Structures are given as structure tokens and as C-alpha cells.
Visitor: 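Structure in C-alpha cells, see below.
To find a chain, count down the sequence lines: A is the first, B the second, and so on, and within it residues start at 1. In what follows, every heavy atom counts, from backbone to side chain, and hydrogens, waters and symmetry copies are set aside. These numbers were taken from a predicted model, which means no experiment stands behind them.
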Amino acid sequence: MKVFNTLSGQKEEFLPPGSRVRMYVCGITPYSDSHIGHAMCYIIFDVIHRYLQFKGYRVKYVQNITDVDDKLIDRAHRLGVSTSELAERFTRDFFEDMDALNINRADVYPRATEEIPQIIKVVKGLIAKGYAYPAGGSVYFRVRNVPDYGKLSHRNLEAMIARGNATFSRDKEHPLDFALWKAAKPDEPWWDSPWGKGRPGWHIECSAMALKYLGDTIDIHGGGKDLIFPHHENEIAQSESFTGLKPFARYWLHNGMLQFNTEKMSKSQGNLITIKEMLARYRADTIRIFVLNSHYRSPLSYSEEALEAAEGGADRLAQAANTVSSGERDDIGVDVEHYRSQFIRAMDDDFNTARGLAVLFDLARDINRLRDQGGNILGGQQLLLELANVLGLTLILPAKPSLNAASFRDIIDAIGTLYSEAKKWQPSANQSYIDYLILKRDQLRQARQWQPSDMIRSKLDEVGITLEDTPQGTIPRYK
RNA sequence: GGCGACGUAGCCAAGAGGAAAGGCGGGGGUCUGCAAAAUCCCUAUUCACCGGUUCGAAUCCGGUCGUCGCCUCCA
């Protein structure tokens, strides 16, 4: 199995020390609704998580929640609520979104505010080793003491300073030094520390949590490409300086950015679509196929057309997973091992989900073909569901359709007064309006009364219910 | 300015030295009373452009044009 490691800039053989994999992925700052860029990132790492488990690894997966930071404080002030209230609210929303996208939970979701003692411990350690210094109530990391600083983002100190973007400040020894601990300003939440009242800087929490929950060396560290610099670069500097051990993380995996109208979608640009908005229009399988149909390291452009295409694909897979064969030719079936090995081959190559999906589509076609011949498709369907599950796809057909009394009445009126009984008819526990209409339509079809029969079908179609006449009977489907 | 990525059919997209995956859409056939679903066939003689290396290049090298990302909070 090969993975692309940002650190080396190459695909490398994935060789964790044993059967255990320690995985850390940077989480959210909960100050507003999660958007589809978050969906992309966490769907991707969910699939990586699932695939590692599929391969037999015992994975411990940790994802942090940055529940105190400048933006959160800012937003809370403007809304007149406490930072913890605000963070709590959007953290809850975040988990709702993750569940709705069928993303498996990580093992631990540590919160920055609950890890203050561990954070202080790491900061103290860094000061003791000369990698950090207190100044003006804050503590800064001494970048110059790390000779290989810049190894992840492949850049050097001189070039970064030359650009002039580094922030100078009276307290800092060097413009690229960054805060480990920030002195509290008035009206800001704070914790006691050896340096006075303050709060953790952005990067330190991830080092502290990874070291605490996963140990000194972790196997996979993930996040969006936009975190490579400075966030992950700083994490490496902090962690390796603190433990004296390299590497802090063996494999650094970064996903490409979601773009909107050819620009990165981000909070600061205000061009974002929330996960809730997207879920109102598309089901989770559709969204996951949209994301997984391209490579995780490439940027992905949001477009309605691409989502519609993904929906067509989701329907296709779900149909194949749920179709029924007559089973007359029980002697012919799907070559299960062929598809399984093709899927593994694709996923082993740096999680090539697009190719993995293609295998599922090929398998689906094979299932349908055999179904038409009356072959045994159960093994194929079982495999389809198993592999789809590795991609987090449920392949559940859209929920059983329902029809309300008013629409039912409309349809009865439209087909004329043929059924005075229909007007009096009431649904029961085992016969819904739709069941009744299908039964009546069937009788009409038997009598070759095509016009009223087709009228029922087209009326149902108008309210989003498609009737399919199959050898197994008439099946209603949601559009 | 520095570093990096990308440009493959109408759209999305895989492939990274030897016959252009897959999905959506479109056209035609089969099945069906008609549909729907499914299936079969067709839909890039060619991979932004120009040179080069090679027996052979979408894949490697150089250049041009275009798009985007990071260098500041961001998944």
C-alpha cells in the first residue's frame, strides 16, 4: 500500500511499525456552520480510516476541536454569548453534520479548553529546552533553534522573511516566531499559567493532544492543504523539539481544497455553502460520490452538474445492490475475487477512490447483467455492499415513498368517477394510498385500460413518485 | 516576488513510457401495452500549445499560454 507523503513529496510504501495505526486529523474551530469544504476533508479521512480498518489495521483516530481562538472570541462578543456557549452549539451541529454524512466517529475529540494542563506542560518543556521564551505575558516559539524548520512546506526562513509577511512585534525575537501561549486581553477567556492569565496559541493544542492521546510518534497526520503552512510546520517544530524524537508523524496526508467558481471556498471569502444546505438537496451517498470521484489531493470544484451526475451514479449503485434475480440460472454468478482485488489495487495506490468507485460501477453492471440472465447475484451484491461501505456508501434506496390524502384525492379526481369506492377508501396499516393506487392501476392494466392506468402513473410522477413495472410487480420509487 | 499544483470528450474525472477507466449527459437498438429501470452499441485517431528525448510520450525534459493554491485566519 502506497501513500503520498507531503514530507517527502512522494508516494511511499505505507509501513507502520505494527498492526496499530495512530492517526490524527486537524478538526474544526466551531464558530459557524460547517461547510462543504469540511465535508470533503472529513469524508476523505473517514474513507482512509475505514480503508485502514478494512486492511486489518487497528486504528486509533484522534481529531481535535479548537474551542477557543480569536475568531471564536470575536464572534461570541458580537452575538453576546460566551465563547463556550458558541463553541458548544457549533460543535453539536458539526457532529450532526458528520452523522448525516455517514462519517464514522473518531475515537477521541479532545477540546483545547479541556487540555490546558497538557498544553502548559508542553510549553514549559519547550522553555526548559530553550525552544521557547516568555515575553510580555505570552510565550513564543524560537524558530531559529530548529534547523530543519520548513521541511514540510519545503520553504526556508530567508525566503519567508524576504516576502515581508512575517509579523514583527516588540516581544518576538524573530519575525517568524509564533505564539505558544497568548496573554489574555480584557474580556477574553483565560486560564492561569506560570506566565500569567492567558490561553493557548493555535498550533500548540495539536502537538499537546497528539502526544497525549497517540504518543511521541504518530503514523498519519492529516488535514487540508491549507494547513501545511504554518500550522503543520509549527506542529512539527513544537513536537519534535519537545520530545527530541523525529519524526513526529511518519506520513503527512493533505487533501486538496474545495473550490467554488474556481476560487477556494473559505470562511474569509464568504463564498461557502454549508453542509446543511447541501444535505437539504442531496443525500449522503450522492455527496460522498461527488467527493470520492476525484482524487483526494486534487482540488474539487463545487458544481450542481457534478452533484447531479453523482446522484445518477448513487441511484445506479443502489439499484444494483437492491435488485432481485429470478435465480433460474443459479449456476452463474459474479467473479467476486476479481472485483475485490481490483478495488484493493485501486485503494492501495494512495487511496484512489475514483478508481475504486469505477470498480463498483463495473460490479454493478455485472450484477444487472446476471440478473437479466436469471443468475445468482447474491454474492455480487454482498461484495458491492461491503466495498461501498469502505467508501461510506449505504446504497440504501431513497426512503419508501408516501402520498398524502390531498394528492390521493387529486389523482382519484383526475381519473374520473370510475371509482366511487375510491373516494370513500381509507388507508390502513398495511395498505397505503400508494399501495391502493398500484392495486387499482394493476386491475386497469389487466383490463388493458391504458389511459386511466397511465394517468395514475403520470400523476404520481408529478409528486415525485415513479412507478416501475417489473416482473416482480410494480415498485414505487422516489425521484 | 518565492514555493507548488493543475490544463484529458458536452460536463465531472481516472490513468503517469507501450492498445484513452468510470460517472453524468446525448444518439440508436433490446425488453415493455407505453413508460421507468436495466442492458447492448455509438459518443476523445487523441490528452492546452510548441519543441526535444525515445523504437514508442497524455505520461519524461525544455519553453509558451491559461487556471488555481500556499507564503495571513482557514479543512
Visitor: From C-beta outward on A:Arg155, which listed nucleotide comes closest to its side chain: B:rG33, B:rG2, B:rA75?
Guide: B:rG2
Visitor: Does A:Thr274 use its side chain to pair, donor to acceptor, with the backbone of A:Glu277 at less than 3.5 Å?
Guide: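 Present.
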Visitor: Return whichever of A:Ile228 or A:Gln451 has its heavy-atom-nearest nucleotide of RNA chain B closer to the 5' end.
Guide: A:Gln451
Visitor: Would you say a side-chain N or O of A:Arg477 is under 4.0 Å from OP1 or OP2 of B:rA37?
Guide: no
Visitor: Do A:Arg155's NZ or CZ and the ring of A:Phe229 fall within the cation-pi criteria of under 6.0 Å and 45°?
Guide: yes
Visitor: In whole Å, what is the span from the CG atom of A:Leu360 to the C1' atom of B:rG22?
Guide: 10 Å
Visitor: Taking only side-chain N and O atoms of A:Arg369, does any of them lie within less than 4.0 angstrom of OP1 or OP2 on B:rC40?
Guide: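 Yes, within the criterion.
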Visitor: Step by step, would you call A:Ser402 with A:Ser432 a side-chain contact (heavy atoms from CB on, under 4.5 Å)?
Guide: CA-CA 8 Å; A:Ser402 67; A:Ser432 69; over 6 Å; no
Visitor: Measure the distance from CE on A:Met40 to P on B:rG69 and round it to the nearest whole Å.
Guide: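 So the two atoms are 14 Å apart, to the nearest Å.
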Visitor: Which nucleotide in the set B:rG69, B:rA75, B:rA38 lies at the smallest distance from any side-chain heavy atom of A:Arg371?
Guide: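 Of the candidates, B:rA38 comes closest.
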Visitor: How far, in whole Å, is B:rA37 from B:rC12 if one measures between their P atoms?
Guide: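 Looking at atom P only, B:rC12 and B:rA37 are 24 Å apart.
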Visitor: Determine the interatomic distance between P on B:rC31 and the same-named atom on B:rG23; round to the nearest Å.
Guide: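 Their P atoms lie roughly 24 Å apart.
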Visitor: Any side-chain N or O of A:Arg316 less than 4.0 Å from the OP1 or OP2 oxygen of B:rG25?
Guide: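 Answer no for this pair, as no side-chain N or O of A:Arg316 is under 4.0 Å from OP1 or OP2.
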Visitor: What class does the angle between the rings of A:Tyr109 and A:Phe94 fall in, given that below 30° is parallel, 30 to 60° is tilted and above 60° is perpendicular?
Guide: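 The rings of A:Tyr109 and A:Phe94 stand perpendicular, inter-plane angle above 60°.
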Visitor: Take the protein atom CD of A:Glu235 and the nucleotide atom P of B:rA75, then report the distance between them rounded to whole Å.
Guide: 13 Å
Visitor: Respond yes when some side-chain nitrogen or oxygen of A:Asn368 is under 4.0 Å from OP1 or OP2 of B:rU39, and no when none is.
Guide: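 Checking A:Asn368 against B:rU39: at least one side-chain N or O falls below 4.0 Å of OP1 or OP2.
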Visitor: Tell me the interatomic distance from A:Leu397, atom CG, to B:rA36, atom C1', rounded to whole angstroms.
Guide: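 In whole Å, B:rA36 C1' lies 14 Å from A:Leu397 CG.
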Visitor: Give one of base, sugar-phosphate or nothing for A:Asp372, where a contact means two heavy atoms less than 4.0 Å apart.
Guide: sugar-phosphate
Visitor: How many whole angstroms separate atom CG of A:Leu357 from atom P of B:rA13?
Guide: 14 Å
Visitor: Under a 3.5 Å cut-off for both contacts, is B:rA58 paired Watson-Crick or G-U wobble with anything, and if yes, with which nucleotide?
Guide: none
Visitor: Kindly say whether the aromatic ring centers of A:Tyr436 and A:Tyr433 come within a distance under 6.0 Å.
Guide: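 Not under 6.0 Å, so no.
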Visitor: Between B:rA5 and B:rU59, how far apart are the P atoms? Round to whole Å, please.
Guide: 16 Å
Visitor: Paired with B:rU46: which nucleotide, if any, by Watson-Crick or G-U wobble criteria at under 3.5 Å for both distances?
Guide: none
Visitor: Considering every strand shown, what is the Watson-Crick or G-U wobble mate of B:rC34 when both distances are under 3.5 Å?
Guide: none
Visitor: Closest approach to the side chain of A:Ser294, judged atom by atom: which nucleotide of B:rA36, B:rA13, B:rC34 is it?
Guide: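 Of all the options, the side chain of A:Ser294 is nearest to B:rA13.
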Visitor: Quick one: does A:Glu233's side chain have a donor or acceptor within less than 3.5 Å of a partner on A:Leu152's backbone?
Guide: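 Yes: the side chain of A:Glu233 pairs with the backbone of A:Leu152.
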Visitor: Watson-Crick or G-U wobble partner for B:rG66, using a 3.5 Å limit on both distances?
Guide: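 Pairing partner, where one exists within any strand: B:rC6.
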Visitor: Nearest to the A:Arg355 side chain among B:rU39, B:rC70, B:rG15, which nucleotide is it?
Guide: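 Of the candidates, B:rG15 comes closest.
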Visitor: Any N or O donor-acceptor pair linking the side chain of A:Lys71 to the base of B:rC73 at under 3.5 Å?
Guide: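 Under the 3.5 Å cut-off, the side chain and the base do form a donor-acceptor pair.
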Visitor: Have a look at A:Asn352 and say if it touches a base, only the backbone sugar-phosphate, or nothing, with a 4.0 Å heavy-atom cut-off.
Guide: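 Here A:Asn352 touches the backbone only, sparing every base.
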Visitor: Scan A:Glu308 against the nucleic acid and name what it touches under 4.0 Å (heavy atoms): base, sugar-phosphate only, or nothing.
Guide: nothing
Visitor: Between the base of B:rG2 and the side chain of A:Asn156, is there a donor-acceptor distance below 3.5 Å?
Guide: no
Visitor: Counting the atoms with a prime plus P, OP1 and OP2 as sugar-phosphate, which does A:His295 contact under 4.0 Å by heavy atoms, base, sugar-phosphate, or nothing?
Guide: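 Sugar-phosphate contact only - A:His295 comes under 4.0 Å of backbone atoms but never of a base.
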Visitor: Any stacking of A:Tyr42 on B:rA75, going by centres under 5.5 angstrom and planes within less than 30 degrees?
Guide: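 Per 5.5 Å and 30° rule: no stacking.
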Visitor: Just the rounded figure in Å: distance from C1' of B:rG22 to CZ of A:Phe361.
Guide: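 In whole Å, B:rG22 C1' and A:Phe361 CZ are 7 Å from each other.
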Visitor: Rounding to a whole Å, what distance do you find between A:Asp362:CG and B:rG22:P?
Guide: 6 Å
Visitor: B:rG23 phosphate, OP1 or OP2: any side-chain N/O from A:Arg365 under 4.0 angstrom?
Guide: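 Yes, within the criterion.
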Visitor: Can you find a pair of side-chain heavy atoms, one from A:Val47 and one from A:Met347, that are under 4.5 Å apart?
Guide: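 A:Val47 vs A:Met347: side chains touch.
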Visitor: Of the options B:rC12, B:rA75, B:rA14, whose atoms approach the side-chain atoms of A:Ala306 most closely?
Guide: B:rC12
Visitor: Show, in sequence, the C-alpha distance, side-chain angles and deciding distance for A:Tyr251 and A:Phe14, and conclude whether the ring-ring contact (aromatic ring centres under 6.0 Å, His included) test is met.
Guide: CA-CA 8 Å; A:Tyr251 303 94; A:Phe14 182 67; 5.0 Å; yes
Visitor: Knowing that exactly one of A:Arg297, A:His232, A:His254 qualifies, which makes a side chain to side chain donor-acceptor pair (under 3.5 Å) with A:Thr6?
Guide: A:His254
Visitor: Work out how far the C1' atom of B:rG4 is from that of B:rU45, and round it to whole angstrom.
Guide: 35 Å
Visitor: In Watson-Crick or G-U wobble terms, both distances under 3.5 Å, what is the partner of B:rA21?
Guide: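 None - no nucleotide pairs with B:rA21, as no candidate has both distances under 3.5 Å.
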Visitor: Is there a Watson-Crick or G-U wobble partner for B:rU72 with both distances under 3.5 Å, and if so, which one is it?
Guide: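 Pair assignment: B:rU72 / none.
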Visitor: Mind checking who B:rU39 pairs with, Watson-Crick or G-U wobble, both distances under 3.5 Å?
Guide: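 Pairing partner, where one exists within any strand: B:rG29.
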Visitor: Using whole Å, report how far CG of A:Leu467 lies from P of B:rA36.
Guide: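 After rounding, the reported distance stands at 13 Å.
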Visitor: For A:Gly9, answer base if it contacts any base atom (sugar-phosphate contacts may also be present), sugar-phosphate if it contacts only those atoms, and nothing otherwise; contact means non-hydrogen atoms under 4.0 Å.
Guide: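 The answer is nothing, as A:Gly9 stays clear of every strand by at least 4.0 Å.
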Visitor: Can you check the distance between B:rA14 and B:rG7, where both ends of the measurement are the P atom (answer in whole Å)?
Guide: 8 Å
Visitor: Please tell me which of A:Gln319 and A:Ala309 maps to the more 5' nucleotide of RNA chain B, matching each residue to the nucleotide holding its nearest heavy atom.
Guide: A:Ala309
Visitor: What nucleotide among B:rA35, B:rG22, B:rG69 has an atom nearest to a side-chain atom of A:Asp469?
Guide: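 Among the listed nucleotides, the one closest to the side chain of A:Asp469 is B:rA35.
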